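Bear in mind the structure is a predicted one, so any value in this text is a computation, not a measurement. In the text below, chain A, chain B and the rest are named by the order of the sequence lines, each starting its count at 1.
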There are 2 protein chains.
Amino acid sequence: MKMMKDNLSDQTLCPIARAETVVGDRWTVLILRELFMGMHRFEEIQAQTEGTPQMIAARLKNLEAAGLVKRRAYSKRPLRYQYLLTEKGEAFHPVILALRAWGETWIKSPREARAVNYTHLICGKPAGLGPTCESCGRPLSRTNMVAEQSPKYRREREARAEAFKANR
Amino acid sequence: MKMMKDNLSDQTLCPIARAETVVGDRWTVLILRELFMGMHRFEEIQAQTEGTPQMIAARLKNLEAAGLVKRRAYSKRPLRYQYLLTEKGEAFHPVILALRAWGETWIKSPREARAVNYTHLICGKPAGLGPTCESCGRPLSRTNMVAEQSPKYRREREARAEAFKANR
DNA sequence: ACTTGTGCCTATGAATTTCATAGCAACATG
DNA sequence: CATGTTGCTATGAAATTCATAGGCACAAGT
């Protein structure tokens, strides 16, 4: 696997180019989305991203090597690992949030409802799509907001989980 | 060119997945970076992203089809086009900004200096890396901040432009 | 008129990556 | 001791990417 562009030529001063050598990939971003949504096991991530096991395994390995993800054994005998965000991985949250806001605003889904709504824990009201809370104006961070999936989106995810189990 | 995943299966409710069908690609993001930096001509974009002409041509075509970019003739006879961001493309700016902040903070370049610094036009002071101005706390947007490239970064870009001219 | 240069790509073939499908190792559970 | 679960790895075929070359339409110089 020689896919990463992390060679010397990527010692560019541009932070966007540097970031893209790590996260400039659809699968990688979808994996991060799942980790932020609280999925931690390989097959959960695979089921929701709909990637092949190699795609997921390779990306998780890259993410671990790049320091965004850490593996932790949640069971020995049988030895099983779960995937968790490191501090560096958690710090990626604003990008996911910005991507979400853009997607919700500019790439309409056929059905209407917003997939996930956040409540701002400090003011207790809806946080909206921006970087600051639309209700109280204060800056949002991962720790001061709580997510709620729309019923439709929850059903979509459940359907994927079941479809995955069905053909294995 | 059958690369886009914009088939029916992407009618997911997840805005991140929908966004990634358009921008989930290293070259695409680098092209958007260049457009935000004020580059508009094909060869400028090619030189700074260091992509092959097909990569750039294909991505620009996708971006145009997705409505983020519009082509405008800046000369007829000979007919020449420049590439400009649409409103939908401009709206992607927060993602670029978040990516930049993460890259500057978490993927250190060998040399120290920050590539680009922004000044907040409203308070006249440095805007910092966050979504709100680090000096005055107000939310930042593309229209209320002005960029200044560091000397080193400017030199890096000039060197790329020259290297590109040299071997053509 | 004719050579050289510019801007924006397209063509070609080899190298690499991705996808679909299958399967395996290490257990747990009945 | 057969079947299920979890987390992957193996194998080729299909698609994409890369490096390299070139082409087309015109402008400018000589």
Side-chain angles (χ1 to χ4, degrees), chain A residues 1-7 9-10 20-21 24-31 34-35 39-64 69 71-84 161-168, chain B residues 1-7 9-10 20-21 24-31 34-35 39-64 69 71-84 161-168:
Chain A
M1 205 218 319
K2 206 166 69 64
M3 58 156 290
M4 292 305 266
K5 303 259 158 150
D6 52 15
N7 51 42
S9 80
D10 288 304
E20 284 292 295
T21 63
D25 176 276
R26 206 173 104 82
W27 296 119
T28 301
V29 174
L30 294 181
I31 287 171
E34 288 308 313
L35 293 170
M39 298 314 210
H40 300 296
R41 298 216 324 282
F42 189 93
E43 296 217 324
E44 288 173 338
I45 295 168
Q46 197 201 331
Q48 292 301 325
T49 56
E50 301 186 271
T52 62
Q54 305 94 302
M55 289 296 104
I56 308 306
R59 295 318 184 287
L60 282 171
K61 220 161 271 178
N62 288 155
L63 284 168
E64 199 186 351
V69 161
R71 258 185 345 153
R72 173 166 299 167
Y74 70 89
S75 136
K76 37 180 53 174
R77 326 208 43 75
L79 189 54
R80 296 274 179 270
Y81 291 100
Q82 63 181 175
Y83 296 88
L84 301 170
E162 276 165 46
F164 181 81
K165 282 207 172 174
N167 50 18
R168 69 182 305 276
Chain B
M1 203 217 322
K2 205 168 71 64
M3 58 156 293
M4 293 304 268
K5 302 259 162 152
D6 52 14
N7 51 41
S9 81
D10 288 304
E20 284 293 295
T21 63
D25 176 278
R26 208 173 102 82
W27 296 119
T28 301
V29 174
L30 294 181
I31 287 171
E34 288 308 313
L35 293 170
M39 299 312 213
H40 300 297
R41 297 216 325 282
F42 188 94
E43 295 217 324
E44 288 173 337
I45 295 168
Q46 198 201 331
Q48 292 301 325
T49 56
E50 300 186 272
T52 61
Q54 305 93 303
M55 289 296 103
I56 308 306
R59 295 318 185 285
L60 282 171
K61 220 161 273 182
N62 288 155
L63 284 168
E64 199 185 351
V69 162
R71 261 185 341 154
R72 174 166 300 167
Y74 70 89
S75 136
K76 38 180 55 173
R77 324 207 45 75
L79 190 53
R80 296 276 180 269
Y81 290 100
Q82 63 182 172
Y83 296 89
L84 300 170
E162 276 165 46
F164 181 80
K165 281 209 172 174
N167 48 20
R168 69 183 303 275

### Task
Using side-chain hydrogen bond (donor to acceptor under 3.5 Å, both in side chains) as the criterion, list what pairs up with A:Gln54, not counting sequence neighbours.
A:Thr52

### Message
Just to verify, what does A:Glu44 make a side chain to side chain contact (heavy atoms under 4.5 Å, CB included) with, not counting sequence neighbours?
### Response
A:Met39, A:Arg41

### Message
Once hydrogens and angles are ignored, does a donor-acceptor distance under 3.5 Å link the base of D:dT11 to the side chain of A:Gln54?
### Response
yes

### Query
Starting at CD1 of B:Ile45 and ending at P of C:dG7, how long is that distance when rounded to a whole Å?
14 Å

### Task
Please list, chain by chain and in numerical order, all residues satisfying side chain to side chain contact (heavy atoms under 4.5 Å, CB included) with A:Ala73, sequence neighbours excluded.
A:Leu79, A:Tyr81

### Query
Given that A:Lys76 and A:Met55 both sit by DNA chain C, which one's nearest nucleotide is further toward the 5' end?
A:Met55

### Query
With a 4.0 Å cut-off, would you call A:Arg59 and A:Asp25 a salt bridge?
yes

### Query
Does B:Trp27 put a side-chain nitrogen or oxygen below 4.0 Å from OP1 or OP2 of D:dT16?
no

### Query
Is A:Arg26 near enough to C:dT17 that one of its side-chain N or O atoms lies under 4.0 angstrom from OP1 or OP2?
no

Protein-nucleotides 4-8 of chain D N/O pairs under 3.5 Å:
| residue | atom | partner | partner atom | Å |
| --- | --- | --- | --- | --- |
| D:dT6 | O2 | A:Arg80 | NH2 | 3.0 |
| D:dG7 | OP1 | A:Tyr74 | OH | 2.9 |
| D:dG7 | N7 | A:Glu43 | OE2 | 3.1 |
| D:dC8 | OP2 | A:Tyr83 | OH | 2.3 |

### Query
Expressed in angstrom and rounded to an integer, what is the separation of B:Asp25 atom CG from C:dT18 atom P?
11 Å

#### Entry: Between P of D:dT16 and CG of B:Asn62, the distance in whole Å
11 Å

### Task
Quick one: pull up CD in B:Gln82 and CG in B:Leu84 and give me the separation to the nearest 0.5 Å.
4.5 Å

### Message
According to salt bridge (charged side-chain N to carboxylate O under 4.0 Å, His left out), who are the partners of B:Arg80, at least two apart in sequence or on a separate chain?
### Response
none

